[in-house]
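Following: one structure in C-alpha cells, then a few remarks.
Here the structure is a predicted model, which is why all the values come from computation and not from measurement.
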Amino acid sequence: MRWSKTFIPTMKENPSDAEIPSHQLMLRAGLIRQLMAGAYTYLPLGWRAVRKAEAIVREEMDRAGAIELFMPALQPIDLFERTGRKSAFGNVLINFHITRGDRRVHVALGPTHEEVITDLIARHLNSYRQLPLCVYQIQTKFRNEERPRFGVLRTSEFLMKDAYSFASSLEQLNSVYDGMYHAYCRIFARAGLKYLPVEAESGPIGGDASHEFMVPANNGEDRIVHCPKCSYAANLERAETGRRAHAAPRSNGSAPLTQVATPNATSIEQVSRLLKTSPERMIKTLIYQVDGNPVAVLVRGDHEANEAKVRRAAGGQSVELADVATIQKVTGAPVGFAGPVGIQCPLLVDHDVAELVDAVTGGNAADMHTTGVNIGRDYQVETTHDLRMAAGNDPCPRCGGTLELVHGIEVGHVFKLGTKYSVSLKAEYLDEKEQLNPMIMGCYGIGVNRIVAALCETSFDENGLIWPLSIAPYEVLVIPLNVTDPETMEIAERTYRELQARGVDVLMDDRDARAGVKFKDADLIGIPLRVVIGGKGLKEGQVEVRWRWEADSRRVPVAEAVVAVDNLLRERKAADLAKVPQ
RNA sequence: CGGGGCGUAGCUCAGCUUGGCUAGAGCGUCUGGUUUGGGACCAGAAGGUCGCAGGUUCAAAUCCUGUCGCCCCGACCA
C-alpha cells in the first residue's frame, strides 16, 4: 500500500480527552476515531491490526478443533427471558422494539451468545454419540456500558471471539477446556502479549472452573495477585491468601471494654478520625444474609470483605448484604454501629481480626462504638476464616512466597458453565442407557480488539507504538526520502514491488514530505521494519534497514535489500514462533 | 446512578473573574518562493452560528436558567 493512497491521519499532539497510552497512541497513530462515547471507528491501519489478531484467533481455534459458525447479533428477547438473563443483564442488554407489519417485535443486540447457540444445539443434537462439540464465532457484541472508558478498552460495541462447548461428561468438558486454555496461551503468545492466566471466581461450580487471561498493565481495570515464586495467580475476587486459621483465638489485650459516644460517625474513616485510631486497629462488622439467615462478618477496618469467600465459609448458596430491618434486629442499632459483642447472630471472623488487641468496633447501639474489644474475652469463635479480598504482600497460598498486586487488562476468559443454559433451554442428549441428560457446557471468550488495545497499552516508547510482526498493520515501511529524485524512486518502487511479490505486508511512504516528518510518523505508527532509501546511504549504493525497537540501522547494498529484508523477517518470525507453547 | 472537570478554527489552547473595538495564538491545511536525513523558513490565504436553546442588558464567548455532548473518579460489569 502507498501512504498517499490510504488514509492514515496522524496527529502530532495528544487529544485532550485521551489519558492512557493506548488511547492516545491509537488516536495519534491514526488507528481509530471516536464516533460517540463507547463507539469507535477502526481506520485502515487499526482495522488491519484487528484483522491480524482475528486471523491468529481463527487459526488457533481451528487448530484446537473448534468449528466456526456465525450467529445473528439480532436476537429475540424471549431467549433471554427463558434463561433469566434479561433481568440479570438489566441495563447492559441493549434491547428495543421493531415494527413488522402490525406486530411489534422485541429484540436484543447480543451481549454474548449462550442463548442462541444453546437453543440451536438443543434443536439439532440429541445423542451422546454427537458429543463433544465445540463451536465458535468472531462477531460484534453489544453491551450498554453505563460508563465507557479508556478509549477502545471499554466500549459498548466490540469484537469478540466466543466459543461454546457441549459435552456429555465432565471428562469431555475438561478435555475441551484444557484444549481451549492451551489455544489461548498460543494466541496471546503469538500476538506478542505478556499475559498471565489467573484463577477467576467460578460461581457454584467451584474448583478450577474459570481462568481469565490478563495482560499486566498499570491502567488495567482488573486487579490480580500473583506469586513470582510459584506462578500462582488469581483475580482479587478469587484469590486465596496463605494466612493461617486461629483455633479458639484469644487476644491478650488489657484495656477495659468501654462504650464511647460517636454521634453521626458510621464509617470506618469517620470513627477512626473521631477516636484518633487507625482503620487497621478497627473491626469492620458487616451483616450479611446467607440463604436468608443473618451472619455477622468481621474483617479488619482497612480490609474488604469477599462475598464469595463468605458464601463458602458459611456453606450457603446466596449471599447479600442485610437490609436495614435485619441489621436493626440483630444489632439493636441503625446501620453503622454493628459490633461482635452481644450481637444476636452467628459470627464469621477473618484471620486478621484474631490478631487485633484492644480493637475498636461498633457498639450495637445508636451513635455508640466500643473500644478495648478483645477476641476470646469479649466474644468467642471456634476458628477464623479467609473472608477478605487478597492484597499485595499477603502470603502465597501455594508456596510461602509473597503475593504481588498488579493491574491487568482482561483479554480472554475460559469458563466451565455446567448445565445452567442447557437446563433452561433444554439442550439434552440421550446417553448409552437411554437416559436424558442436560449437556455440560463451557464458554470461552476473547476480546479481539482488546488484543490490539492491550498491545498499544504495553508496547510503545516516547516516539510511538512498537508492534510485534504478527499484529503490525504492515510488516515493512519503505521510505524513499526524496520522492522527486528518480533514482530514489526507481529503487523504492522496485523494493516495494519485490517485497509484495514475496508476500510481505509492505507500506511505502510516497508522500512528498520532509525526511523528519516521515521519520516521526514512522516511529509513531510503529511498523516493525523500516527501510530508508536515499540520501547518504544511497550515495554509497546502500539502503538502511532498522527494527523499530533497535537503536541502530544496518546498511545493505541496494541489490541485496529485498533478500536481506525478507531474511530478517523470516528470522524474526521464527524467533517469535519459538516462544509460543507447542 | 453519585462526585468532579470541560465544551471557542481540523488539533492543542488563550480570552470569561470585572459584559463593550473586526474573537486570538501555535500546529495543521491551501498558494507562491527558498529549502531537503528527525515534525524547515519567508510571504500570503482559507477556515468560527464561541455546543444548543432561552433569559438579563443599549450591548453576551463572557452574567443567569435549562439542555445536549465529552472526559475523569466511584458504583456497576453474564
Side-chain angles (χ1 to χ4, degrees), chain A residues 9-20 23-24 27-28 30 33-40 79-80 83-93 108 110-118 141-151 153-156 158 160 162 164 200-205 210 212 219 221-223 235 237 304 321 410 413 415 417-418 420-421 424 441 443-445 447 462-464 479-485 488 509 511-525 530 532-540 542-544 546 551 553 555:
Chain A
T10 59
M11 284 190 279
K12 197 192 289 194
E13 290 169 295
N14 269 327
S16 57
D17 53 8
E19 297 211 344
I20 66 172
H23 193 194
Q24 294 177 336
L27 286 167
R28 287 188 53 208
R33 282 296 181 272
Q34 185 180 55
L35 176 63
M36 55 183 264
Y40 285 82
L79 275 179
F80 289 93
T83 57
R85 287 216 295 179
K86 180 170 184 289
S87 59
F89 273 117
N91 251 341
V92 172
L93 186 68
T112 173
H113 282 72
E114 277 85 359
E115 281 81 0
V116 177
I117 192 65
T118 308
K141 298 287 191 278
F142 298 87
R143 296 180 193 179
N144 176 38
E145 288 298 339
E146 299 264 332
R147 191 188 148 209
R149 66 188 109 170
F150 300 137
L153 274 176
R154 190 162 195 79
T155 52
S156 290
F158 53 95
M160 182 171 164
D162 47 326
Y164 306 92
E201 187 50 51
S202 48
I205 289 187
S210 173
E212 291 170 346
N219 289 302
E221 284 189 276
D222 297 289
R223 290 184 298 168
N235 70 16
E237 205 187 0
E304 215 178 324
L321 276 170
E410 183 185 353
H413 196 165
F415 198 98
L417 275 177
K420 178 179 174 188
Y421 299 99
S424 53
M441 292 175 58
C443 67
Y444 318 91
E462 67 276 14
N463 296 313
I479 303 183
L481 282 183
N482 182 356
V483 298
T484 60
D485 176 54
T488 299
D509 189 349
R511 293 175 300 172
D512 184 9
R514 298 173 66 83
V517 173
K518 293 188 176 193
F519 290 146
K520 287 290 184 191
D521 271 348
D523 286 348
L524 180 59
I525 69 172
R530 190 182 84 178
V532 175
I533 298 168
K536 294 177 293 213
L538 194 56
K539 285 203 185 79
E540 296 164 27
Q542 295 176 319
V543 301
E544 291 159 46
R546 200 190 87 175
S553 55
R555 294 283 189 91

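- Contacts of A88(A) with the nucleic acid, taken as non-hydrogen atoms under 4.0 Å apart, are absent.
- Heavy-atom nearest nucleotides on RNA chain B were determined for R511(A) and for H23(A), and the one closer to the 5' end corresponds to R511(A).
- Residue contacts for E221(A): at a heavy-atom cut-off of 4.0 Å it reaches no nucleic acid atom on any strand shown.
- In this model, a side-chain donor or acceptor of R143(A) finds a partner on the base of A78(B) within 3.5 Å.
- Interface remark: the D523(A) side chain does form a donor-acceptor pair with the G38(B) base, using a distance-only criterion of under 3.5 Å.
- Here, U67(B) and U31(B) have their C1' atoms 43 Å apart, quoted to the whole Å.
- A salt bridge does not link R530(A) to D509(A): none of the charged nitrogens lies less than 4.0 Å from a carboxylate oxygen.
- In this structure, CG of D521(A) is placed 12 Å from P of G28(B), rounded to the nearest angstrom.
- Nucleic acid contact for G90(A): none, since no nucleic acid atom lies under 4.0 Å from a heavy atom of the residue.
- Across all strands shown, A59(B) forms no Watson-Crick or G-U wobble pair with both distances under 3.5 Å.
- Below the 3.5 angstrom threshold, one finds no donor paired with an acceptor across the side chain of R514(A) and the base of G38(B).
- Counting non-hydrogen atoms under 4.0 angstrom, N14(A) reaches the backbone sugars and phosphates but no base.
- Contact annotation for F150(A): backbone-only contact, meaning every heavy-atom pair under 4.0 Å involves sugar-phosphate atoms and none involves a base.
- Residue V517(A) is classed as a base contact, given a heavy-atom separation below 4.0 Å to a base.
- Pairing for U31(B) goes to A43(B), judged as Watson-Crick or G-U wobble with the two contacts each under 3.5 Å.
- K420(A) has no carboxylate O lying under 4.0 Å from a charged side-chain N of E114(A), or vice versa, which leaves the two without a salt bridge.
- Within the nucleic acid shown, E544(A) comes within 4.0 Å of at least one base atom, counting heavy atoms only.
- Heavy atoms of S16(A) sit under 4.0 angstrom from primed sugar atoms or phosphate atoms, though from no base atom.
- In this structure, Q34(A) does not reach the G69(B) phosphate: none of its side-chain N or O atoms is under 4.0 Å from OP1 or OP2.
- Residue contacts shown for E114(A) are absent, as no nucleic acid heavy atom lies under 4.0 Å away.
- The partner of G69(B) is C6(B), judged by Watson-Crick or G-U wobble contacts that both fall below 3.5 Å.
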